[in-house]
Amino acid sequence: MTISPAVMEKLSRLGIRNELDLILHLPIRYEDETHMFLISDAPPGKTVQIEGLIVHNEVVVRPRRQLICHVEDSSGLLVMRFLNFYASQIKSYAIGKRVRLLGEIRNGFFGAEMVHPKCRIVQQGESLADTMTPVYSTTAGLTRKVLGRLIEQALQSSENMLFLTETLPENIIRTYQLIGFRESIVCLHHPPPDASMDALQVRSHPAWRRIKFDELLAQQLSMRLHYRQRRNRTAPILSRKHRLIDQFLRQLAFTLTSAQIKVADEISGDLAAPYPMQRLLQGDVGSGKTIVAALAALQAIDNGFQVALMVPTEILAEQHYQKLSIWFEPLGIDVVWLSSSQKKKQKQLTQEAIANGNAQLAIGTHALFQEQIAFHRLGLAIIDEQHRFGVQQRLALRMKGAQSNNVPHQLMMSATPIPRTLSMSYYADLDVSIIDELPPGRSPIVTKLIADNRRDEVIERIRQACHHGKQVYWVCPLIEESETLQLQTALQTYEALSKTFPDLQIGLVHGRLSTHEKTAVMSLFKQGDIQLLVATTVIEVGVDVPNASLMVIENAERMGLSQLHQLRGRVGRGTEASVCILLFQQPLSEIARKRLRIIFEHTDGFEIARQDLQLRGPGEFLGARQSGVPMLRFADLERDEELLIAAQASVDDMLSLYPDLAQRHIERWLGEKTEYLRV
Ligand code: ADP
Ligand code: MG
């Protein structure tokens, strides 16, 4: 089969690079031209096919130019209306011509009508289609017809038969009551007339079920292989030691929650293994992940290795530095902080300390893994707020200190909980630990939704709160289109609030401040010298000031769910009852209304994440991770959870009992995309 370069280029825009991709380019919907309806019998609201003779044909210009034809069959009359049409259509739809129409019959101004039906001239007695008509998604410059023909050719070509051979062993097919792969492919391109149109459209038809199972299985297989490959690499054995950890726990002002103990134990076990840990630590905002990271760091340091802690913002780096210095310095551990704001000399000293091994814990933003930073003996890399980093950045850090086949352990922490189905699929190559309880004594955060025209009440609340010794965050609107505009708004808000509250100490923090300035403002807030902190979304992640118990978020309708949840998590960290006020501007869009409702009704990050996934779909939800992982095209994680579980349960059997089939299966589905497995 030869395809011109021009067409190839268009196909590649659809992700089609070869004939096999053509075969897997499955229809987005179907048209039923296997049945014929009489005009008077056609069910309203359904797309139907009818046939009749043209008995009238005219172009009218009221209210706008349109072509009107009357079509008659033995049961009645139908008006066919075209708002855009070619001159050739006026000619060909001449009186006396027999036409077949496919469309939805509606009761219009002129009686029963079809607007812009699919219409073609036929001869009397022409047979009906013997399968349903597939409709494929396509791209500009490539008509559905041409694409359909290419797919048809690929399906017919005998060379492709091998591609269609079964890759599942009999027992899996039986256990999950699947139909054959080839049968499914043929059926989905050309469903028989008796197939259920509904089942095809909502993709619950057995043929779709099979395809979705296969797609999920391919993903599970590749993830499992990735997982096994990692186990074949070596990492430093960081055995459990008690010297530093016991000393550390003794000086701690509180006791660990049982959830913290459980996850710390899981991590500790991984570190003692001879292959690299790759564990995702999930815990809602405020669940106390930092201390778990500290325990892991101590185990590595006690074994004579260095630890890197990477965070997404400078504010967070600085905060972690302060906290961990206070915790670690009494233990005689050298903690360093690498910041873009440091003077050249200072930076150089820090880099030297990292390179000669004097620095046992290094904290910083992605500056930590730039070329010029070389670790002496990196044993563990911890990534806080991992969802904020891209795949590439995380890989770069992992490769740091990876001498030959010796890879440092990696702990990723995320406060954006990953819904179960997502972690079973896209994160299946990682081990996951979950902190499922908050430290005791937290009082729940009360969320209030207040329209912007009731600002006065909010101002009054702030006054009250500050007079009672509480501290307040005021979060300025996120303006994605322009950072300058966002900054302006923050400055204006700061000025306006300063006028409103002449007797309060008000601070301002935003992304354009130097690290030094940010640090200064944040420490004043932490010490209680600032009562009201006006901030942009730079405070979104990690910031921990337990005395702050009121937060106002302006234009909350512009923010995403996880961002709102993260921001809100800045309060409710102490024992004080906390309030988060979401100010919103009317009118609200449908999606904004849904988001605000979810954040108002729920405080559990896992539930919010689950609903967010439903609202946005996995592509957007995954964000950064998406770039490195093939997305699912057919399976829908929420709706196909049952198939996901089945695919997961089949992986081990496939790999151990049917390795050849497994290999073919992966190649069929992932082809070149399996490249990412090797990193
Ligand atoms: P996150 O999981 O959001 O990173 P942090 O590690 O910042 O949470 O912890 C939030 C707050 O809870 C911090 O002030 C921390 O010192 C405190 N904390 C952590 N664990 C406990 C505990 N077991 N008991 C009491 N307070 C705790
Ligand atoms: Mg944190």
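Scope of the values below: all heavy atoms of this structure, side chains included, with no hydrogens, waters or symmetry mates. Computed from a prediction, not measured in an experiment: that's the story for all the values here. We count ligands from 1, going down the list as the structure has it; atoms in each ligand are counted the same way.
No salt bridge links Glu437 with Lys262; every basic N to acidic carboxylate O contact stays at or beyond 4.0 Å. A salt bridge does not link Glu557 to Arg595: none of the charged side-chain nitrogens sits closer than 4.0 Å to a carboxylate oxygen. Arg240 has a carboxylate O that lies under 4.0 Å from a charged side-chain N of Asp265, or vice versa, which qualifies the two as a salt bridge.
The atoms of ligand 1 that sit less than 4.0 Å from any heavy atom of Arg573 are 3 (O), 7 (O), 10 (C). Per-residue contacts place Thr290 under 4.0 angstrom from the following atoms of ligand 1 (heavy atoms of the residue considered): 4 (O), 5 (P), 6 (O), 7 (O). Those atoms of ligand 1 with a heavy atom of Thr257 less than 4.0 angstrom away are 23 (N). Distances below 4.0 Å separate heavy atoms of Pro439 from the following atoms of ligand 1: 20 (N), 21 (C), 22 (C), 24 (N), 25 (C), 26 (N), 27 (C). Remark: ligand 1 atoms within the under-4.0 Å shell around heavy atoms of Val285 are 3 (O).
Counting heavy atoms closer than 4.0 Å to ligand 1, residue Leu256 contributes backbone atoms (N, CA, C, O) but none from C-beta onward. Residue-level proximity to ligand 1 for His320 is absent, since no heavy atom of it falls below 4.0 angstrom. At a 4.0 Å heavy-atom cut-off, ligand 1 does not touch Met413 at all. At a 4.0 Å heavy-atom cut-off, ligand 1 touches Thr255 through the backbone alone.
In terms of N/O distances under 3.5 Å, ligand 1 is not approached by Trp327. Backbone and side-chain nitrogen or oxygen atoms of Ile291 are examined, and none is located within less than 3.5 angstrom of a nitrogen or oxygen of ligand 1.
If you check the side chains of Gln299 and Ser268, you find a donor sitting under 3.5 Å from an acceptor. Side chains of Glu318 and Trp337: no donor on one and acceptor on the other come within 3.5 Å.
When the heavy atoms of Gly572, Pro546, Ser287, Gly288 are ranked by distance to atom 9 (O) of ligand 1, first place goes to Gly288.
Note that Arg230 lies in the cation-pi zone of Tyr227, set by a 6.0 Å cut-off to the ring centre and a 45° limit from the axis. With a 6.0 Å cutoff to the six-membered ring centre and a 45° limit on the axis angle, Arg233 does not count as a cation-pi contact of Tyr275.
Residue-ligand proximity: Lys323 is placed with a non-hydrogen atom under 4.0 Å from ligand 1.
For the side chain to side chain contact (heavy atoms under 4.5 Å, CB included) with Asp384, the lone residue among Met412, Met310, His320 that qualifies is His320.
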